[in-house]
Amino acid sequence: LGRFACTCRLYARARWPIIDIKKRSRERSGWESAIPFIVSKQPSLLRLPGNPDRHHPTTKESIAELTGCTALQFVSLRYIRCGNEGSQLVGKALGSTWQHVVMMDLSRNGIDAVGAEGLAAGLPAAKGLQFLSLSINLLKDKGAVAVATALRNCPALKMLLLAENEISAAGAKALGQALGASGSAPLEHLDLSKNPLGADGAGELAAGLAGNKTLRSLTLVACKITNSGAGPLGKALANHPALDFLDLAENDLRGTGAAELVDQLQPNRALTALNLARNALGPVGARAFAHLHSSRVVRLDLSENGFDDAAIADLSASLKAPLHSLLLSGGGGDLAHAGGGEMRDSGMKAFAALLSSPPVGPTLRRLTLPGQGLRDDGIACLLAALSKGCPQLAHLDLSGNKFGAPACKALGEWLASAGRSLLHLDLHNNSIKDSGLAAMTGALPEAAAHHPPAKPGSGGIALNTLNILNCGLTNNGADAVTALLERLPCLRHLHVGGADSISDASRTKLKRASPMVSFVLA
């Protein structure tokens, strides 16, 4: 979210003219022949199309011609296969004609250490550069060291993306030392995902970050970090004054690593979001969050960690933090994962008790439970807990479960009473069928034709987005959707179709019936 918001802010500052030829012909003659036109317009934003043809990479002559665009602020050269020569030319341009560039994307271009060194040589001259992406290249440790050296002279750089570059412990050490050095780049977002850092790399990075004061987001997804690397990382970040988001998904922390990490992070007063999805935490990890209440973490992602029913009960008993967002997907449905569990009777009862009482229930705004194997009785138990203890819930994801018409009726009744504040409901990949949708519609109150549509916060049903893709609907179900729309006056986004048997005529009828609704008819 931080990365997306920052990028949007940067693009919003762009000045016309803007040249975006991403959707034009991907043949070489398609855009390279237009370079003289591009240069003549002197754009502030330039985004080129990807070039999937390995045998015809973008030539260095083309990049050299583009350096004549002296007004550029936002440059996306993603996936144009410019290689080292192109990267070196970009580095020279940053030191001369492209000194005003604010955002530079060179991801997926086959750049290795040689190209990284050429680019790094020009980075200090780009005094306004705030965003740099070199993801999905071949920098390795030598290239990472070159970038790290340049960071000491980049006074405006706030976001650095180096995912999938085969960086290991040596490169991580150099980056950590650079970010911890006095006067280095005021980096706020660092992404090193899918690099083989391992426990040693995590420790080396953490040692350097101990002196950093600006980093707000650290993403280390799938970096092969084991439980032995969790402790040093947590210890180094324990007193970080700015770190708001830590993403360690798809590593191998296991239960002991998660417990040590959470324990070390207790003193941190800035961290609000922690992602430990797909870390094989298991039953031991489920009990690792007993001390989370002493931190300020309010967004927690524990998806696909192999929690069985007993582990869910242990997790529910140990969570005492006032969470705003809890993601707890299982291993079923479209989220298949080795060792994934499902929430059964005892786990559901314990989880319901967690939601229906302080401190979690009153503050919870987002609950994600896809692939948990929830059936009709489980949904009924969940909705009872939400009615009792979750007055602020705005986002509910129940996709990929196993409930049908009875649960849909209960959902409709809940929306009509305690669930009026809900804005987003995701039910895709469930066996709802036409009967379930009709049951939900029947449980909702009829909207008075002479009254204006309800508004969120006005006391009416505020639901804005509904996803019912792949729910076994037919043409009869499409008619039920039309009736449903009449009873949800705030609905503006509806996802319907997918593998469902809805004819083109019924889809057209749906669009005509509700012109105010944006349909995603997959």
Side-chain angles (χ1 to χ4, degrees), residues 2-3 113 116 120 132-137 139-152 154 157-253 257-258 260-265 267-268 270-271 273-276 279:
R3 181 187 312 161
L132 176 61
S133 176
L134 289 167
S135 296
I136 319 178
N137 281 296
L139 303 190
K140 299 187 177 181
D141 288 335
K142 188 176 180 181
V145 170
V147 173
T149 303
L151 288 179
R152 299 174 185 267
C154 293
L157 192 64
K158 295 182 178 180
M159 185 176 297
L160 178 61
L161 312 183
L162 296 174
E164 285 191 68
N165 270 290
E166 301 181 27
I167 299 171
S168 59
K173 180 179 181 180
L175 289 167
Q177 290 176 344
L179 293 175
S182 177
S184 187
L187 208 66
E188 296 180 1
H189 307 275
L190 176 62
D191 187 351
L192 289 172
S193 297
K194 298 186 178 180
N195 285 298
L197 303 184
D200 293 339
E204 295 286 5
L205 178 67
L209 289 178
N212 179 272
K213 305 297 181 184
T214 62
L215 197 66
R216 294 174 49 202
S217 169
L218 178 59
T219 305
L220 301 175
V221 175
C223 287
K224 300 183 179 180
I225 301 173
T226 60
N227 52 9
S228 60
L233 185 62
K235 185 177 181 179
L237 300 175
N239 296 300
H240 197 288
L243 190 70
D244 176 69
F245 176 58
L246 178 60
D247 192 345
L248 294 172
E250 297 182 42
N251 283 290
D252 193 25
L253 299 185
E260 188 170 2
L261 177 72
V262 172
D263 187 59
Q264 293 287 356
L265 288 175
N268 191 296
L271 190 69
L274 179 62
N275 186 355
L276 296 178
N279 265 286

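Quick note: residue numbers are just sequence positions, from 1.
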Nearest atoms (heavy-atom pairs only) where Thr226 meets Leu253
O-CD2, 3.7 Å
Nearest atoms (heavy-atom pairs only) where Ala172 meets Ile167
N-CG2, 3.9 Å
Going by side chain to side chain contact (heavy atoms under 4.5 Å, CB included), His240 matches just one of Leu218, Asn212, Thr214. Which one?
Asn212
Using atom types as modelled and distance alone, determine if a side-chain donor or acceptor of Asn165 lies under 3.5 Å from a backbone N or O of Ala144.
no
Given side chains that start at C-beta, do those of Leu246 and Leu265 come closer than 4.5 Å, heavy atoms only?
yes
If you look at every heavy atom in Ala202 and Leu233, which pair is closest and at what distance?
O-CD1, 4.1 Å
How many angstroms lie between CG in Leu205 and CD in Gln177, if you round to the nearest 0.5 Å?
10.5 Å
Heavy-atom closest contact (Asn227 atom, Glu260 atom, distance)
O-OE1, 4.2 Å
How close do Ala236 and Ala206 get, heavy atom to heavy atom, and via which atoms?
CB-O, 3.1 Å
Quick check: does any side chain N or O of Asp191 sit under 3.5 Å from a backbone N or O of Ser193, one acting as donor and the other as acceptor?
yes
Check step by step if side chain to side chain contact (heavy atoms under 4.5 Å, CB included) holds for Leu243 and Leu209.
CA-CA 11 Å; Leu243 190 70; Leu209 289 178; over 6 Å; no
CG of Leu215 to CG of Asp244: how many Å apart, nearest 0.5 Å?
10.5 Å
In Å, rounded to the nearest 0.5 Å, how long is the span from CG of Leu220 to NZ of Lys194?
14.0 Å
To the nearest 0.5 Å, tell me how far Asn195 CG sits from Lys224 NZ.
10.5 Å
So CG of Leu139 and CD of Glu166: to nearest 0.5 Å the spacing works out to 9.5 Å
Can you tell me if Ser184 uses its side chain to pair, donor with acceptor, with the backbone of Ala178 under 3.5 Å?
yes
Between OG1 on residue Thr219 and CG on residue Leu192, distance to nearest 0.5 Å
8.5 Å
Between Ala199 and Ser228, which heavy-atom pair has the shortest distance, and what is it?
CB-OG, 3.2 Å
May I ask you to decide if Ser135's main-chain N or O and Asn137's side chain share a donor-acceptor pair within less than 3.5 Å?
yes
For the backbone of Val221 and the side chain of Asp247, can you confirm whether one donor and one acceptor N or O come within less than 3.5 Å of each other?
no
